[in-house]
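Only this structure's heavy atoms are used, side chains among them; waters, hydrogens and symmetry mates stay out. Just so it is clear: chains get the letters A, B, ... in the order the sequence lines come, proteins before strands, and each one is counted from 1.
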Protein chains: 2
Amino acid sequence: MKNGSGPGAKERILVAATAIAQAHGYSGLNFRDLAEVVGIKAASIYHHFASKADLGAAVARRYWQDSSAALDALLAQSSDPVDCLRRYPGTFRKALESDNRLCLCSIMAAESDDLPEIVTKEVQTFADVQVAWLSKVLVAAAMVDSGNSEQRARAIFAAVAGAQLIARSRSDISLFDELIESYRVSGLLPGSRLSG
Amino acid sequence: MKNGSGPGAKERILVAATAIAQAHGYSGLNFRDLAEVVGIKAASIYHHFASKADLGAAVARRYWQDSSAALDALLAQSSDPVDCLRRYPGTFRKALESDNRLCLCSIMAAESDDLPEIVTKEVQTFADVQVAWLSKVLVAAAMVDSGNSEQRARAIFAAVAGAQLIARSRSDISLFDELIESYRVSGLLPGSRLSG
DNA sequence: ACCTGAACACCGTTCAAGT
DNA sequence: ACCTGAACACCGTTCAAGT
């Protein structure tokens with residue numbers, strides 16, 4: 001940090017904007033409310049980000065970078081790939097735990113018709129990161145033939161995102177847990193008791 | 001119809017509002033653009049709907065009623081429940097085929113923090129209708145124990161909604177087809193070749 | 001470098017007035 | 001019954017001007 005008073009305005013804008021976007025989407029992210037949270041005026045945000053599109057892209061970029069680091073940490077924490085897969089849905093559960101928020105990528109995916117191209121690009125990178133990680137771990141877990149790993153990875157990613165969306169619409173985390181358990185029972189995810 | 005000039009203004013508002021909401025969500029639905037599509041002025045909409053919340057609720061109500069009728073038609077068309085389940089994802093595919101639109105319920109689910117309560121209620125009814133139909137057909141197909149049918153129905157609904165969301169964010173219908181096929185391979189949906 | 005006042009365009013809503 | 005122009009309060013966004 002530059003001084004003793006905590007993170008700078010740019011960083012605080014990024015953090016606050018992420019939280020707002022996860023709850024209300026890109027279109028629901030407005031500079032007056034955001035500025036108020038940060039403690040500056042709306043116009044001041046433009047000193048740090050050239051436009052709303054620029055801010056949105058920065059928020060989405062930071063989001064996939066953080067999510068990528070979290071997945072790597074999961075892998076470092078447990079060398080067992082089946083265990084990693086079992087814990088994967090937990091990364092989506094955390095958003096629901098935090099004021100019933102949605103994955104930034106999911107809420108922005110729903111807005112894709114109204115997203116600036118530079119934001120869309122970062123949202124797609126988020127999906128790419130998730131699928132690449134799942135694909136790698138699925139192969140390590142010997143859950144699929146290596147030729148099918150990416151297809152299965154995409155299926156898991158889409159299904160977990162769907163579970164989060166549905167659970168959020170009911171403000172019901174236990175519904176998310178129930179849906180994940182159903183994915184395990186059906187064989188999409190490795191089983192919760194015996195290794196898949 | 002009242003006269004020879006086609007559906008009335010109220011009906012045209014409902015149809016146009018549904019199309020806009022499926023592309024841009026409830027928050028992206030505005031009376032000025034909507035009125036222009038219908039060919040009247042924004043203020044005239046208030047002659048047919050008391051408020052935006054009222055219009056949103058009417059749109060969502062009509063949407064689940066239509067979807068319910070479509071599912072019943074599917075069931076009437078084919079008496080084989082496994083065949084019905086196989087064709088279920090097609091009802092979601094149709095929205096993507098129509099200008100890459102999303103299920104109204106999914107896009108509104110993503111907006112759930114900002115939805116008037118009377119709209120939320122109708123969105124949840126949509127999910128209830130889908131789950132009830134799937135549950136009934138799963139039992140008829142003997143794919144699950146009757147005690148688990150609703151849980152499995154919810155899983156299928158969430159996974160298909162997720163597939164639609166992800167495919168739309170890439171504007172890629174073939175990705176939707178691929179995801180559905182993966183759900184079949186993994187056992188979540190009945191297989192595409194042999195009966196499940 | 002960092003911030004802001006003031007303006008602009010837009011949106012949901014209302015209402016008196018039209019036919 | 002059905003529609004509209006005009007207005008109101010409000011909000012997202014921008015930029016020239018401040019320190």
S.K.: Take atom CG of D54(A) and atom C1' of dG12(D), then tell me their distance rounded to the nearest Å.
M.R.: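 So the two atoms are 17 Å apart, to the nearest Å.
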S.K.: Find the partner of dC15(C): check Watson-Crick (N1-N3 plus N6-O4 or O6-N4) and G-U wobble (N1-O2, O6-N3) distances, both under 3.5 Å, and reply none if neither fits.
M.R.: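 Here dC15(C) is engaged in a pair, and the nucleotide opposite it is dG5(D).
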S.K.: Let me know the distance between NZ of K10(B) and C1' of dC3(D), rounded to the nearest Å.
M.R.: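 Rounded to whole Å, this separation is 16 Å.
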S.K.: OG of S51(B) to CD1 of I118(B): how many Å apart, nearest 0.5 Å?
M.R.: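 The distance works out to 5.5 Å.
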S.K.: If you round to the nearest 0.5 Å, how far is CG of L138(A) from SG of C84(A)?
M.R.: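 Taking SG in C84(A) and CG in L138(A), the distance rounds to 11.0 Å.
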S.K.: Across the strands shown, which category fits L55(B) at heavy-atom distances under 4.0 angstrom: base, sugar-phosphate, nothing?
M.R.: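 No contact at all - L55(B) keeps every heavy atom at 4.0 Å or more from the nucleic acid.
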S.K.: Hunt down the Watson-Crick or G-U wobble partner of dC10(C), both distances under 3.5 Å, from any strand shown, or write none.
M.R.: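 Partner of dC10(C): none.
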S.K.: Which of these nucleotides, dG12(C), dC3(D), dT13(D), is closest to any side-chain atom of F31(B)?
M.R.: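 Ranking dG12(C), dC3(D), dT13(D) by closest atom to the F31(B) side chain puts dG12(C) first.
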S.K.: Examine dA1(D): is either OP1 or OP2 under 4.0 Å from a nitrogen or oxygen in the side chain of H48(B)? Give yes or no.
M.R.: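 False: H48(B) side-chain N/O out of range (4.0 Å or more) of dA1(D) OP1/OP2.
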S.K.: Just how far, in rounded Å, is C1' of dC3(D) from CZ of F49(B)?
M.R.: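 Distance check: F49(B) CZ to dC3(D) C1' gives 15 Å.
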S.K.: Check this for me, if you would: do E36(A) and R32(A) make a salt bridge, where the nitrogen-to-carboxylate-oxygen distance has to be below 4.0 angstrom?
M.R.: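 Salt bridge: no.
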S.K.: I need the CD1-P distance between I45(A) and dC15(D), as an integer number of Å.
M.R.: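 Atom CD1 in I45(A) sits about 15 Å away from atom P in dC15(D).
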S.K.: Please determine whether a side-chain nitrogen of the Lys or Arg among R101(B) and D113(A) lies less than 4.0 Å from a carboxylate oxygen of the Asp or Glu.
M.R.: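 Judged by the 4.0 Å cut-off on N to carboxylate O distance, R101(B) and D113(A) do not form a salt bridge.
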S.K.: Could you check which of dC3(C), dA6(D), dG12(D) has an atom nearest any side-chain atom of K52(A)?
M.R.: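 When the side chain of K52(A) is considered, dG12(D) is the closest of dC3(C), dA6(D), dG12(D).
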S.K.: Looking at N30(B), does any N or O in its side chain come under 4.0 Å of the phosphate oxygens OP1/OP2 on dC11(C)?
M.R.: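 Indeed, a polar side-chain atom of N30(B) lies that close.
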S.K.: State which of dT4(C), dG5(D), dT13(D) makes the closest approach to the side chain of K41(A).
M.R.: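 From the listed options, dT4(C) comes nearest.
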S.K.: Counting heavy atoms from C-beta on, name the nucleotide in dT13(D), dT14(C), dC11(C) closest to the side chain of R32(A).
M.R.: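 Shortest atom-to-atom distance from the side chain points to dT13(D).
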S.K.: Give the rounded distance in Å between these two atoms: OH of Y46(B) and P of dA6(D).
M.R.: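 Value for this atom pair: 19 Å.
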S.K.: Round to the nearest Å and state the distance from E36(A) atom CD to dC10(D) atom P.
M.R.: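 Roughly 15 Å, once rounded to whole Å.
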S.K.: Between D128(A) and R170(B) (salt bridge meaning N to carboxylate O under 4.0 Å), is one present in this structure?
M.R.: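 Salt bridge flag = yes for R170(B) with D128(A).
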S.K.: Using the side-chain heavy atoms of D33(B), tell me which of these nucleotides is nearest: dG5(C), dC11(C), dA7(C).
M.R.: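 The nucleotide sitting nearest to the side chain is dC11(C).
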S.K.: Calculate the interatomic distance between I40(A) atom CD1 and dT13(D) atom P; express it in whole Å.
M.R.: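 After rounding, the reported distance stands at 15 Å.
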S.K.: Would you please confirm or rule out a distance under 4.0 Å between OP1 or OP2 of dC2(C) and any side-chain N or O of S44(A)?
M.R.: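 No, S44(A) has no side-chain N/O under 4.0 Å of OP1/OP2 on dC2(C).
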S.K.: Looking at dA1(C), dG5(C), dT4(D), which one has an atom nearest to any side-chain atom of H47(A)?
M.R.: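 Comparing dA1(C), dG5(C), dT4(D) against the side chain of H47(A), the answer is dA1(C).
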S.K.: Look up atom CZ in F157(A) and atom SG in C105(A), then write down how far apart they are to the nearest 0.5 Å.
M.R.: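 Rounded to the nearest 0.5 Å, the CZ-SG separation comes out at 4.5 Å.
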S.K.: The side chain of A9(B) lies closest to which of these nucleotides: dC3(D), dG12(C), dT13(D)?
M.R.: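 Looking only at heavy atoms from C-beta outward on A9(B), the closest nucleotide is dC3(D).
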S.K.: Grab the CG-C1' distance between L29(B) and dC11(C) for me, whole Å please.
M.R.: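 Value for this atom pair: 12 Å.
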